[in-house]
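To keep things clear, I will list the structure first and then write my remarks on it.
What you see below is based on every heavy atom in this structure, not just the backbone, and it leaves out hydrogens, waters and symmetry mates.
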Amino acid sequence: MRSFAGRDILSLKDFERQEFFHVFEVARKMEDIARERKNIELCKDKTMVTAFYQPSTRTRLAHEAAMHRLGGHVTGFADAKMTRAGDWYQESIKDTVKMLEFYGDVIVMRHFQQGAPHEAAKWASVPIINGGDGWGEHPTQILTDLYTVLREKGRIDGLKWLAVGDMRMRTMHSLGYALTQFDCPITFVSPPEMSLTEEFKAELKSYSLNFREVEHVEQAIAEADVILVEPVVQPDYTKARDERTGKDVGMTPSNYKITRELLTTKAKSDAILLHSLPRMDEIPTDVDITRWSRYWQEAYNGVVMRMALLALVLGKME
């Protein structure tokens, strides 16, 4: 197995099966630190730079919290408009990254442009972690989701997945790539205009992923062990609602909504429900206290997973 030291985390297409389990093993070692709210000194000599060209609550703060838990230091920006990349100069990714590599030992980048972290990795001498790139991928989120499933269900192989939402989203891409390394049939449910692209379907078939598409969540929820939900009401999730002036923002159609009644009457009693958040109305708040919801545990695991990835790419764990 390849070493993670100095490695970029850009796409889950880059991960081999045993590498998933190695990351999960390291994450398990980090759990007690996070649970007990400790800060250790494993990365006390390291600094992480966050380069977030897009808004973020969970991804940026989970990485920052993870670095603090590891005893490291954090610097960076949370809004491109506050940098020379977002003002009149429109500084290139290359020029920005060539500066940032002198300010820290690892760079976590979120960008509205697909492929931007890959571009950054071409120029940086320090590891780049993809915190979400446009319609591309979101590898750290899906690693978090898989780890949550492993901890909650005790396994990943053999579980049936149901993915509901906009299939153009970066999380769905990373999920598809990740499940090619496991024995996990998956059913995708989305509005027709947000369905899997033909190119992506061909790619998943080439990896022998067992998947199907249906039009209504009720057609597949009874079989699902894991239900992963993303919004469908956001036509372009890379833009904020106030940037879409003059456009109506509707609510989630019933075909794609996971209600308490649907779970009670149709879902397996031991199925688990995931959502990377933020949400609109696709999961009503009265679902939060049911036995199916795991999105708060997912958020906790997000810090644990980022601790593991940072420790690995910084060469502090093997």
Side-chain angles (χ1 to χ4, degrees), residues 138 141-142 144-180 182-196 200-201 204 209-235 237 249-302:
H138 199 346
Q141 179 60 53
I142 294 303
T144 296
D145 297 343
L146 290 170
Y147 183 68
T148 301
V149 172
L150 180 63
R151 296 294 289 135
E152 295 292 323
K153 304 291 283 186
R155 63 191 174 105
I156 298 174
D157 288 313
L159 299 176
K160 294 181 179 180
W161 287 62
L162 174 63
V164 185
D166 186 343
M167 296 305 146
R168 302 170 301 172
M169 291 183 71
R170 51 197 175 203
T171 47
M172 296 300 187
H173 295 153
S174 287
L175 176 64
Y177 293 137
L179 292 187
T180 64
F182 301 93
D183 178 20
C184 291
I186 182 168
T187 300
F188 296 105
V189 183
S190 67
E193 68 275 15
M194 300 178 185
S195 62
L196 300 170
F200 188 48
K201 284 195 283 188
L204 295 181
L209 180 66
N210 181 0
F211 71 93
R212 65 174 179 143
E213 296 175 273
V214 300
E215 296 181 1
H216 200 300
V217 69
E218 287 193 13
Q219 294 175 261
I221 195 169
E223 305 170 3
D225 300 298
V226 180
I227 307 162
L228 185 144
V229 183
E230 294 287 5
V232 300
V233 296
Q234 183 87 323
Y237 76 101
V249 180
M251 303 305 279
T252 303
S254 60
N255 291 29
Y256 317 109
K257 187 179 290 189
I258 307 296
T259 65
R260 191 168 186 167
E261 180 184 5
L262 179 64
L263 290 166
T264 302
T265 59
K266 300 286 186 180
K268 289 184 176 181
S269 62
D270 62 345
I272 61 173
L273 177 62
L274 305 177
H275 194 308
S276 62
L277 304 173
R279 62 178 161 179
M280 296 277 286
D281 65 331
E282 61 273 11
I283 299 180
T285 56
D286 65 355
V287 174
D288 295 356
I289 59 171
T290 68
R291 63 175 175 270
W292 294 278
S293 67
R294 293 296 189 283
Y295 26 91
W296 309 130
Q297 187 64 28
E298 197 179 351
Y300 162 76
N301 286 334

Quiz item: Does the side chain of Leu263 come within less than 4.5 Å of Ile221's, by heavy atoms?
Solution: yes
Quiz item: Quick one: are His275 and Pro231 in side-chain contact, heavy atoms under 4.5 Å?
Solution: yes
Practice problem: Go through the steps to decide whether Leu175 and Asp145 satisfy the test side chain to side chain contact (heavy atoms under 4.5 Å, CB included), and finish with yes or no. | Solution: CA-CA 9 Å; Leu175 176 64; Asp145 297 343; over 6 Å; no
Quiz item: Can you find a pair of side-chain heavy atoms, one from Ile272 and one from Lys153, that are under 4.5 Å apart?
Solution: yes
Quiz item: Rounded to the nearest 0.5 Å, how far does CD of Glu298 lie from CD of Glu152?
Solution: 10.0 Å
Quiz item: To the nearest 0.5 Å, what is the distance between CD1 (Ile142) and CZ (Arg170)?
Solution: 11.5 Å
Exercise. Apply side chain to side chain contact (heavy atoms under 4.5 Å, CB included) to the pair Arg151 and Gln297, showing each step before the final yes or no.
Key: CA-CA 10 Å; Arg151 296 294 289 135; Gln297 187 64 28; over 6 Å; no
Practice problem: Kindly give the heavy-atom pair with the smallest separation between Cys184 and Gly158, and that separation in Å. | Solution: SG-N, 4.4 Å
Quiz item: Ion pair present between Arg168 and Asp166, side-chain N to carboxylate O less than 4.0 angstrom?
Solution: yes
Quiz item: Distance only, no hydrogens: is a donor on one side chain within 3.5 Å (strictly under) of an acceptor on the other, for Asp281 and Thr252?
Solution: yes
Practice problem: Ignoring hydrogens and angles, state whether a donor on the side chain of Gln141 or Thr171 is under 3.5 Å from an acceptor on the partner side chain. | Solution: no
Quiz prompt | Reported CG-to-OH distance for the pair Asp288 and Tyr295, which is rounded to 0.5 angstrom | solution = 3.5 Å
Quiz item: When you check the side-chain N and O atoms of Glu230 and Ser276, is any donor under 3.5 Å from an acceptor?
Solution: yes
Quiz item: Is it true that atom NZ of Lys160 has more than 12 heavy atoms of other residues, nucleotides or ligands lying nearer than 6.0 Å?
Solution: no
Quiz item: Who pairs with Ser269 by side-chain contact (heavy atoms from CB on, under 4.5 Å), at least two apart in sequence or on another chain?
Solution: Arg291
Quiz item: Is the side chain of Arg260 donor-acceptor paired with the backbone N or O of Asp286 at a distance under 3.5 Å, no angle test?
Solution: yes
Exercise. Give, for atom CD1 of Ile227 and atom CH2 of Trp292, the distance between the pair rounded to the nearest 0.5 Å.
Key: 9.0 Å
Quiz item: Looking at side-chain heavy atoms only, is the closest gap between Val189 and Asn255 below 4.5 Å?
Solution: no
Quiz item: Can you name the closest pair of heavy atoms from Arg212 and Ala220 and give their distance?
Solution: NH2-CB, 3.7 Å
Quiz item: What is the minimum heavy-atom distance between Glu213 and Ser195, and which atoms define it?
Solution: OE2-CB, 3.9 Å
Quiz item: More than 12 heavy atoms of other residues, nucleotides or ligands under 6.0 Å from CD of Glu215: is that the case?
Solution: no
Exercise. Determine yes or no for a side-chain-to-main-chain donor-acceptor pair under 3.5 angstrom, with Thr180 supplying the side chain and Leu209 the backbone.
Key: no
Practice problem: Begin from the C-alpha positions of Thr285 and Arg279 and carry the test side chain to side chain contact (heavy atoms under 4.5 Å, CB included) through to its verdict. | Solution: CA-CA 10 Å; Thr285 56; Arg279 62 178 161 179; 3.7 Å; yes
Exercise. Hey, could you give me the CG/CG distance between Leu146 and Leu159, rounded to the nearest 0.5 Å?
Key: 10.5 Å
Quiz item: Between Lys257 (side chain) and Val217 (backbone), is there a donor-acceptor pair under 3.5 Å?
Solution: no
Quiz item: How far apart are the C-alpha atoms of Val287 and Ile258, what are their side-chain angles, what is the distance that settles it, and do they pass the side chain to side chain contact (heavy atoms under 4.5 Å, CB included) test?
Solution: CA-CA 8 Å; Val287 174; Ile258 307 296; 5.5 Å; no
Quiz item: Looking at Asp225 and Arg155, does any basic side-chain N land under 4.0 Å from a carboxylate oxygen?
Solution: no
Quiz item: In Å, rounded to the nearest 0.5 Å, how long is the span from CZ of Phe211 to CZ of Phe200?
Solution: 8.5 Å
Quiz prompt | Side chain Asp157, main chain Asp183, donor-acceptor under 3.5 Å | solution = yes
Quiz item: So which heavy atom on Ala224 is nearest to which on Lys268, and how close?
Solution: O-CD, 3.6 Å
Self-check item: Results of side-chain contact (heavy atoms from CB on, under 4.5 Å) for Pro191 - residues two or more places apart only
Solution: Glu193, Met194, Val232, Tyr256
